[in-house]
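The structure under discussion appears below in the form of structure tokens.
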Amino acid sequence: MTDALKIGIAGLGTVGAALFRAITTRHNSLAEICGREIIITAVSARNRSRDRGLDLDAVAWFEDSVTMAREADIDVFVELIGGDGDPAYASALAALGRGRHVVTANKAMLAKHGVELARLAESNGVLLNFEAAVAGGIPVIKAMRESLTGNAIQRVYGILNGTCNYILTRMQRDDMGFAECLSEAQRLGYAEADPAFDIEGNDTAHKLAILTSLAFGTEIASDEVYVEGITNISIDDIHAADELGYRIKLLGVAQRTASGIEQRVHPTMVPKGSMIAQVEGVTNAVTIEADILGELMLSGPGAGGDATASAVLGDVADIAKSRPGHQHAPALGRPAAQLEPYKRARMQSHEGGYFISLKVEDRAGVFASIATRMAENAISLESIVQRARPGGAEAGPQTVILVTHATTELNVRAAVDGIKAEGYLAGEPQVIRIERTRES
């Protein structure tokens, strides 16, 4: 049997501990499948005295992950520290620089430094694997990097954050407000004590930027993603969407257009009958539209120790199965030197349907004014609905809901700005994009 593959794990939190247990408990079966043993020879974490329920007696302990990456007796450095800066970044650089393979679940680091790390891995003849960085246990990276070679991808979109999907699912299913659902998500461990990174859409944006690079062969451009979170989604929006035949999901969408590539993260209305609308709770889903294959949807656990550890272990096993001289797919699907500069499509040129909710004062001429502003901006309306006042009240603002046919972001924003200038709104307009999706 080939010499054992020796790995070092940096970070022994939920994912690191789950990976450690999986490798040690499946030692024999992994050796049979991979044709060689996988042995943990080194670990690094912040607190050595913490009881993790792991037997660490046979492994070398390093206080500093950079030192482990550079000096430990390892073939593979597994980075599970997190964050886009040091020590994760410095550790990955040190490992790749010493000719060690790197496996990481760190989407923030890849979104910021992925091209540089891919280039360094290629120059040193080692692998940079990151299946766990996007959509947890769903094998979307391998599918895009290897299985879809030869396909031209037109669009990739999906639910990439379980926290947001859980909150929106509970709001819709249990008629709960946003704040209550967020509190419940925190209680269950689905949301952090400070949930801003998730609910403001930044986590999804990092993952989307990685998928965009794989889909379109461009440099990673996480700073070019248009981002809206879900904090402004109300239970009234959930109800209105339901009545109109939609569900609201936080989607990350990347697609090639005539003016460049769109990368956008925002709350989106999808038809109830679509496959993506059926994805509930903390589950993630990614849909890939390609010219040869057509449409492929992958769905499954998007987070959690076991799901993420499963993806990390798959990356480690791929390295264990590889043999000298075997040609591997580049980290980002093509050599880093061949990645094209990212050209951003103007968000204002985005085309699609829109949901627009307006709270208006009850006075003559309001409907005529709204219709005029829409017509001035060449917006065709699919429907216009006046909702009853809450509790059957006879006075106070009314809610008017518009659903447009396909139009542009520029036109919608101009029409909404024109309506706001009229002075009869009793609150900020709510604008939610409607996404074309596959029916189930």
Side-chain angles (χ1 to χ4, degrees), residues 1-82 87-88 90-106 117 121 124-133 137 139 142 305-326 328 331:
M1 184 177 286
T2 305
D3 291 343
L5 183 75
K6 294 173 286 188
I7 74 169
I9 302 174
L12 288 177
T14 302
V15 177
L19 177 66
F20 191 102
R21 283 190 290 268
I23 291 175
T24 54
T25 58
R26 291 169 171 78
H27 176 267
N28 292 337
S29 62
L30 285 170
E32 291 176 4
I33 293 168
C34 299
R36 65 195 296 195
E37 290 183 289
I38 298 175
I39 300 174
I40 302 169
T41 58
V43 295
S44 175
R46 285 182 294 186
N47 185 353
R48 186 169 187 172
S49 62
R50 177 183 166 191
D51 183 9
R52 300 174 175 85
L54 307 174
D55 183 2
L56 302 176
D57 292 341
V59 301
W61 179 277
F62 287 81
E63 299 292 338
D64 176 51
S65 60
V66 178
T67 302
M68 184 181 84
R70 187 182 298 120
E71 299 179 5
D73 181 22
I74 57 175
D75 304 303
V76 182
F77 177 79
V78 179
E79 185 278 307
L80 300 173
I81 304 167
S91 299
L93 286 176
L96 293 170
R98 284 295 307 274
R100 277 91 187 258
H101 305 290
V102 169
V103 174
T104 180
N106 191 339
L117 294 173
N124 286 283
V126 292
L127 294 176
L128 172 65
N129 287 351
F130 50 89
E131 187 65 71
K142 181 173 289 188
D306 289 339
T308 307
S310 171
V312 173
L313 182 53
D315 279 345
V316 171
D318 280 348
I319 296 171
K321 293 174 186 176
S322 65
R323 296 295 179 264
H326 176 69
H328 296 278

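Computed from a prediction, not measured in an experiment: that's the story for all the values here.
Between F20 and L54, the shortest heavy-atom contact is CD2-CD2, 3.9 Å. Closest of all the heavy-atom pairs between A132 and A105 is CB-CB, 3.7 Å. Residues K321 and I33 share a closest heavy-atom pair of CE-CG2, 3.9 Å. Between G16 and L80 the shortest heavy-atom distance is CA-CD1, 3.5 Å. Considering all non-hydrogen atoms of both residues, G137 and A311 come closest at CA-CB, 4.3 Å. The shortest non-hydrogen separation linking A92 to F77 is N-CE2, 4.2 Å.
Within 6.0 Å of the CG atom in D318, the count of heavy atoms belonging to other residues, nucleotides or ligands exceeds 12. Around CZ of R26, the count of heavy atoms belonging to other residues, nucleotides or ligands within 6.0 Å does not exceed 12.
Using a 4.5 Å cut-off on side-chain heavy atoms (C-beta onward), L313 and L30 make contact. Here the side chains of T24 and D55 are not in contact, with every heavy-atom distance at 4.5 Å or above. Looking at heavy atoms from C-beta onward, V102 lies out of side-chain contact with V126 at the 4.5 angstrom threshold. L12 has its side chain within reach of L56: a pair of non-hydrogen atoms, C-beta onward, lies under 4.5 Å apart.
Panel note: side chain T41, backbone D73; a donor-acceptor pair is recorded below 3.5 Å. In this structure a side-chain-to-backbone donor-acceptor pair under 3.5 Å is present from D315 to E131. Between the E79 side chain and the G82 main chain, a donor and an acceptor come within less than 3.5 Å of each other. Here the side chain of S44 pairs a donor or acceptor atom with the backbone of F62 at under 3.5 angstrom.
Between the CG atom in D75 and the CZ atom in R100 there is a gap of 8.0 Å [rounded to 0.5 Å]. Atom CD1 of I74 and atom CZ of R98 lie 9.5 Å apart (nearest 0.5 Å). For the atom pair CG of L127 and OG of S322, the computed distance is 6.0 Å after rounding to the nearest 0.5 Å. We find the CD-NZ distance between E37 and K6 to be 11.5 Å, quoted to the nearest 0.5 Å. T14 contributes atom OG1, which lies 11.0 Å from atom CZ of R52 (distance to the nearest 0.5 angstrom). The distance from the CD1 atom of I7 to the NE2 atom of H101 is 12.0 Å, given to the nearest 0.5 Å.
Tested against V78, the residues V316, N129, I40 include a single side-chain contact (heavy atoms from CB on, under 4.5 Å) partner, V316.
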